[in-house]
Structure formats: structure tokens, C-alpha cells
Visitor: 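The structure's right below; bear with me while I get my questions together.
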Amino acid sequence: MPGPESFVVLEGVTAGYGATPVVQDVSLSVAAGEVVGLVGPNGSGKTSLIRAASRALRPSAGRVMIGGRDPYALSAREAARMVAVVPQDLHPAFSFTALEMVLLGRSPYLSPWGGGGAADWARARDAMAATEVQHLADRPIDELSGGERRRVILSQALAQDAPALLLDEPTTHLDLRHVLDLLGVVRALAERQDKAVLAVLHDLNLASSACDRLVVLHRGRVVAEGEPQDVVTADLLGSVWGVEAEVRPSEATGRPAVLLGPPRGVPAPLGRGAHIIGGAGRGAPLMRRLAERGYDVSAGVLHGTDTDAFVAERLNLVRVTVPPFSSIDQESAAECRALIAAADLLLVCDAPFGPGNVANLDLALEAARGGTRTILLEQIPIDERDFTGGAAAERWRALRDLAAVVRTYEDVMAEVG
Amino acid sequence: MSAASRRYRRLLAALAVALVASALLAVAVGAVWISPVDAARLIAWKLGLSARPPVPHSTEVILFQLRLPRVLLAGVVGAALAASGLVFQGLFRNPLADPAIVGVSSGAALGAVAVIVLGGAGALGGYGVPLAAFVGALLAAFLVFRLARIGPTVHVATLLLAGIAVAAIISAVISLLMSFSGEEVRSIYRWLLGGLQARGWTSLWQVVPLVLLGMAAAALTAHELNVVSLGEERAAQLGVEVDRLKRRAVAVGSLLAAAAVSVAGVIGFVGLMTPHVLRLIVGADHRRLLPAVLLAGPTLLILADLVARVALAPEELPVGAITALLGGPFFLFLLRRERKAAGARA
């Protein structure tokens with residue numbers, strides 16, 4: 001919840017283009033003097049969220065508050081004095097000099113004719129000094145290098161003198177050295193000038209080392225939020241980015257550092273099958289990982305609108321699906337039995353079980369008793385997800401005696417080998 | 001003062017000198033030679049600055065009834081076209097845009113042709129054609145703008161397409177009108193080619209207020225045009241109400257172009273060339289470009305009109321043909337330069 005010192009506040013913001021929202025029910029806040037990193041895979045809605053916060057994409061639900069005011073109720077000019085945006089890159093249609101570019105950042109304060117006083121020039125000069133581009137003042141912007149141009153763009157936003165700063169992937173395509181310099185400038189602005197900074201960052205290591213807090217977006221929703229050491233974990237990288245990675249504290253910063261696994265090629269078919277019994281999205285991470293490892297993955301019985309059914313469809317798995325909220329009928333059960341029989345390995349996930357899907361546990365028991373190698377994922381105890389009044393728990397305990405029981409997705413993959 | 005602004009002031013001074021010199025030259029040259037000194041002294045006398053110089057009465061008549069109004073009109077029309085071109089290039093963020101793009105020129109032509117064909121050319125004390133042209137120009141610009149609007153936003157690409165479509169439809173209508181007309185075809189044709197001949201002082205007084213209004217509005221739009229050349233979203237982030245700016249810029253550019261077309265017909269390339277060349281010298285800032293453009297546009301059109309008058313005297317050439325002869329090759333030269341620059345970058 002936003003504290004009294006929160007300067008940028010988004011409450012339950014849903015926004016998008018046309019009928020489909022790109023961000024859904026997102027709440028976050030940034031205090032003055034704080035750098036918050038917005039991270040997430042491509043298409044997770046980061047840029048849309050920045051646009052919603054900067055008065056460019058009006059939320060269809062929820063609200064945005066900057067310094068206690070709704071930017072959509074302000075004029076563009078007033079809003080531009082509250083929030084400065086640093087775009088990824090800018091290519092002006094005409095060849096302005098670097099100084100002219102930075103002076104354009106003073107627009108929200110200038111007269112209609114664009115006349116500015118000595119104070120505006122001084123602010124522009126200060127902004128150029130902060131990003132060390134004074135020596136480029138008279139150079140045309142289209143003759144500068146990428147790094148120089150980005151620093152000029154940052155100074156343009158600084159010249160705006162706004163207490164909130166929103167950055168949309170400011171470091172893309174920059175050299176390592178320029179990346180660190182630029183983020184250093186941004187940190188200094190928050191610390192010395194008390195700016196509230198919200199930055200979309202692509203690189204998790206950078207985000208982890210440069211930000212006070214991170215907000216992780218996935219498919220338009222916030223899936224994690226907090227200090228980098230609490231947020232950046234191998235589990236998160238697996239479930240949100242779909243990569244296997246090692247996370248350990250960096251010796252230089254003490255912040256979590258991400259070490260990615262080797263690049264993934266096209267998986268070599270193993271000629272082995274694995275069947276997944278999931279539900280409520282518990283099976284989805286395994287579907288992808290097993291498929292990537294080269295297994296012929298099948299899934300079922302799934303219910304129509306479940307995340308697992310959606311992911312199975314996306315991955316084009318062989319699957320048995322019944323309509324949402326219906327029970328598993330005889331025919332579906334028979335087909336699923338055939339799929340399990342064809343597989344070398346059965347994975348039973350810790351899904352919630354109710355009258356609609358308890359039949360899946362009967363199928364699992366039947367296969368385990370018949371000698372099929374079975375792995376049970378049990379991160380959540382069965383008693384918390386038994387909605388059958390004991391029938392599911394009884395079957396689960398019977399399964400435990402016949403299967404390998406593991407706690408995490410990583411352990412499942414280790415057990416699979 | 002920085003080196004850049006010293007250079008800018010020198011450029012403005014040079015453009016002002018060129019303007020005065022070309023005006024005096026255009027006043028002097030013709031079937032009857034009037035020495036620039038006599039012309040200057042006559043003008044000073046008319047302004048009440050000195051006694052009447054000892055020159056023949058016929059010189060006075062030629063100067064004040066023929067040469068001077070024509071040169072001044074060329075100047076005002078040149079300024080209007082050049083400023084209009086600057087505004088449209090800024091708005092479209094494209095250095096090759098010009099007033100014809102938003103349908104202004106064809107709308108004006110339709111208005112004028114309709115009045116000529118309907119026999120109303122002499123109506124309203126001779127104001128019929130320019131008035132109809134002015135109304136036609138504004139209507140066409142308004143129509144194009146409305147067609148290009150999707151919700152509250154006017155997209156630049158749809159604006160260009162709507163302009164092309166409306167211009168095509170209007171030319172078709174003009175062709176139809178011309179095929180129905182009899183002996184008026186020749187006068188329609190002359191009007192379409194554009195010209196400044198025998199317009200007299202009335203035309204001048206008619207457009208001066210409109211052009212002054214347009215210039216003032218252009219000056220107040222110049223800074224926002226600078227901001228919007230960073231892109232529309234960026235301009236909004238920097239405090240510009242982009243949709244309002246687009247409406248205003250189209251109105252200002254159309255007003256200036258319509259004023260020019262209503263008295264001089266369709267004269268191409270002044271609005272394209274002037275801002276483009278000056279941008280190479282002055283840089284991208286529309287606030288600095290506008291004064292330079294307002295000095296250079298008149299010079300260009302005054303000289304082009306002079307050539308049109310004297311090149312094949314006593315026959316007069318259409319001034320639109322002269323600017324096109326100058327502008328066409330210039331345009332190709334620019335295109336070639338752009339391609340070379342693109343090649344060098346690649």
C-alpha cells in the first residue's frame with residue numbers, strides 16, 4: 001500500500017489498446033528518492049504501464065496519481081512539469097543540435113513563442129552537465145553516437161525539472177560502460193534530488209543492482225514485488241521468463257546476480273514420453289521444461305479454461321480436455337489412460353482436487369500400481385487442496401507410497417534426469 | 001553572442017538586402033526602364049518623406065499602378081507560400097511536404113473554376129474569383145482534415161492519403177467543368193497556371209491582412225512544431241496538446257496558402273524550396289527559420305515573376321511555370337543528395 005511519501009501511485013490500473021487490456025489490475029507506488037525497477041518478459045505490459053503513468057494511455061479501470069494529482073485531469077503542460085519520461089530513443093525529423101534538444105525539455109515552462117529566460121538556459125546547461133554532454137552542445141543530434149544521443153535525451157528529460165522520472169528501457173543498445181554511467185546518473189538523481197524514479201529495465205542483473213525495489217510484470221499482472229534479494233530467484237526466472245538460471249549474491253554489490261544456463265537449441269527428441277496430471281496451472285511449468293528436454297509430453301485430463309489447458313494447447317501437446325466445471329466422463333478417462341500407458345513417466349502435480357477432477361488421481365493410482373514410474377510434486381500439502389471431503393487426500397496418500405515425492409519444480413527436473 | 005547566432009544575424013541581413021535589391025530590380029525592369037534611384041525617390045515622395053522628384057508623370061503612373069503593386073503582391077504571396085510550406089513541413093515532419101498536400105491548391109482551383117464557368121468572374125466587383133478560391137481552399141483543407149481524423153487523433157499518414165484522394169477527386173471535377181465550358185477555357189487555364197499580372201492594389205489589400213494574421217499564428221506555432229518534430233508521443237510528454245497543435249497548424253498553413261492561391265493561382269515549389277534550403281543553413285529551429293523564410297520567399301517569387309515578365313517580352317510567361325522550372329530540377333537535386341547521404345550512411 002502506498003505510504004504517505006509515495007509520489008507515483010498506480011491503483012488497480014487496467015489499460016490497453018482496443019478491447020484487450022495489456023495490463024490488468026496493477027498497483028504499485030514509487031516514493032520520492034526511490035528507484036523502482038519494472039521488469040518482465042517481452043510483451044508483459046511494461047511499456048504500456050509507463051504510458052499509462054505518463055498520461056499517454058488512459059486506464060480503463062483504476063487510477064494514476066502523481067504527487068497526489070491525477071495526470072489525466074491536468075493539461076499536458078501541467079503534467080509535463082510533474083512527470084518526465086525518458087524514451088528508449090529519439091530520432092527527430094530535423095537535425096537539432098544537442099543544446100536545442102535539451103532546451104526543448106524546458107517546453108512546459110516556455111511561452112507560446114518558445115522564448116525562455118536565462119533560468120531556462122541555466123537549467124538546460126545543468127542538465128547537460130549532469131549527463132556530461134556539455135561538450136556536444138553545438139553538435140547536430142543525428143551525428144552523435146548512440147550513447148551520446150541517449151545521454152542527450154536523458155538531459156532533455158532532466159531539463160523538464162519534474163519530480164517524477166519514468167524511464168522506458170533507457171539502456172537498450174548501449175555499451176556496458178554507458179549503461180553503468182547512465183544508471184549511475186539516474187541513481188544520483190533519486191538520492192540527491194529526491195526524484196521518484198520508475199525504470200523499465202530489460203536486464204535483470206542491472207535492475208537488481210540499480211534499483212531499491214523491483215516490480216515483476218507477467219502477462220500484464222504484477223507477479224512479484226519487493227527488494228531485489230527477495231524477488232530475483234531461480235524460481236521466478238523459471239516461472240516468468242521460462243529460463244533455467246542460477247542466482248547468487250554478487251560479490252561487488254551484494255545484490256542477487258543471475259547466471260544464465262547455456263543457450264537452448266532445438267531439443268533433441270528423446271523418444272521417451274511423459275504424462276502430466278496438473279490443474280490450476282500447477283502443471284504448466286513442467287510441460288514446458290519437459291518438452292524442452294526432448295520428452296514427448298502429454299497432459300490430462302484437463303478442464304477447458306484452466307491455465308494448464310491453455311499452456312498445453314500453446315505447446316501443442318497431446319492432451320485430453322473436458323469442458324470447464326464438468327466431471328471426467330468415462331470416454332475421457334479411457335483416452336487419458338491410454339496416454340499414460342504410452343508414457344514412460346507420470347508426473348502428478350499438487351493441484352487442488354474436487355469432484356470434477358478427483359478421477360485423475362484414480363488414473364494415477366492405477367498406473368502407479370501397474371508399475372509406471374511416478375513422480376509426485378508436493379509443494380502444497382494435500383489437506384489444503386482437498387475439496388472432496390477426504391476422498392482425494394486418501395488417494396494422494398496411497399500414491400505417495402508408490403511414487404517419488406519432491407517439493408519443487410527443480411527437484412522434479414532433477415528426479416526426471 | 002555565440003558564433004551561431006552571429007552567423008544567423010548575418011544571414012537575415014543578407015536576405016533582407018537581397019529582398020530590397022530584387023524588389024528594386026523588379027520595379028526597374030520592364031518595357032519602360034525606371035532607374036532604381038528614381039523609383040526609390042518616388043516611393044519616398046509618396047510616403048511623404050521628400051519632395052516630388054523631377055521625373056515624367058508617365059513614370060509615376062507605371063511605377064504606382066503597374067510595377068509596384070505587382071512586386072509587392074509577389075512579395076506577399078511569396079512570403080505566404082514559404083511560411084505555409086514551413087508549417088506543413090514541420091507538421092508532417094517531412095522536408096518534402098508542401099501546401100498542395102492538404103488539398104488547399106486544388107480546392108482553391110475548384111472554387112475559382114466554378115465561378116468562372118458559372119459566369120461569376122465579374123461578380124462582387126472582381127472579387128468573385130479570389131473569394132471563391134479562398135473558400136474552396138479552406139473547404140478542401142477542412143474536408144481533408146475531417147477525413148483524416150480517427151477519433152480525436154489526426155494521423156499524419158491518413159492526412160496525406162486523404163489529401164491525395166481529395167485532390168484527385170477535385171481535379172476530376174475541374175476537368176468535367178472545363179469540358180462543359182466554352183470560351184472560358186483559356187481564362188481557366190491561365191488561372192490554373194498561376195500569375196500576378198494586372199492584379200493592382202485591390203488584390204494586395206485583400207490578402208495582406210490574411211497573410212499578416214497567418215504569419216502571427218505561424219510565429220506562435222513555431223515552437224510547438226519544434227517539439228512535435230521529436231514525434232507526437234514525445235511532444236505530448238513535453239507538454240504539447242498534440243491534437244490541438246495539429247488542428248492549429250493545418251488551419252494556419254491552409255490560411256496562408258489559400259490567401260496566396262486566391263490572388264495568384266497555383267504557384268508551386270516556393271513553399272517547398274524556401275524552407276528546405278534555409279533549413280540547411282539555419283538548422284532545424286522553426287522559430288529561427290520563420291523570419292528567414294519570410295525574407296527569402298518574397299525574393300524568390302519577385303525574381304521568378306520578373307523572369308516571367310521579361311524573358312519573352314512582350315509575351316508573359318506564367319510565373320507558376322518559372323517556379324516549376326526552377327523547382328523541379330532543384331527537387332531532383334535534393335532527392336539525389338538524400339540518396340547519396342543515405343548511401344554514405346549505409
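Proteins get letters first, then strands, A, B, ... in listed order; numbering begins at 1 in each. Quick note: numbers below take in every heavy atom, side chains included, and nothing from hydrogens, waters or symmetry partners.
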Visitor: Looking at A/A80, A/A162, A/S111, which one has more heavy-atom pairs under 4.5 Å with chain B than the rest?
Guide: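 Greatest number of close heavy-atom pairs with chain B: A/A80.
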
Visitor: Mind checking what makes ring pair (Phe, Tyr, Trp, His ring centres under 6.0 Å) contact with A/F94, not counting sequence neighbours?
Guide: B/H286

Visitor: Identify which part of B/A219 has an atom lying under 4.5 Å from any heavy atom of chain A, answering side chain, backbone, both or neither.
Guide: both

Visitor: Can you list the residues of residues 95-108 of chain A that sit under 4.5 Å from chain B, counting heavy atoms only?
Guide: A/S95, A/F96, A/E100, A/M101, A/L104, A/G105, A/S107, A/P108

Visitor: By a 4.5 Å heavy-atom criterion (distance strictly below it), what part of A/A157 contacts chain B: side chain, backbone, both, or neither?
Guide: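 For A/A157, the contact with chain B is made by backbone and side chain together.
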
Visitor: Spell out the residues in residues 50-67 of chain A that have some non-hydrogen atom less than 4.5 Å away from a non-hydrogen atom of chain B, in order of number; otherwise answer 'none'.
Guide: A/R51, A/R55, A/A56

Visitor: Which answer fits B/R234, side chain, backbone, both or neither, if we ask what part of it has an atom under 4.5 Å from a heavy atom of chain A?
Guide: side chain

Visitor: Side chain, backbone, both or neither: which part of B/V227 has a non-hydrogen atom closer than 4.5 Å to chain A?
Guide: both

Visitor: Between A/Q156 and B/L238, is the side chain to side chain contact (heavy atoms under 4.5 Å, CB included) condition met? List the steps.
Guide: CA-CA 9 Å; A/Q156 186 184 59; B/L238 291 172; 4.1 Å; yes

Visitor: Taking non-hydrogen atoms and a cut-off under 4.5 angstrom, which of residues 119-145 of chain A neighbour chain B?
Guide: none

Visitor: Has the side chain of B/Q237 got a donor or acceptor atom that lies under 3.5 Å from a matching backbone atom of A/A76?
Guide: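 A pair under 3.5 Å: no.
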
Visitor: More than 12 heavy atoms of other residues, nucleotides or ligands under 6.0 Å from OH of A/Y109: yes or no?
Guide: yes

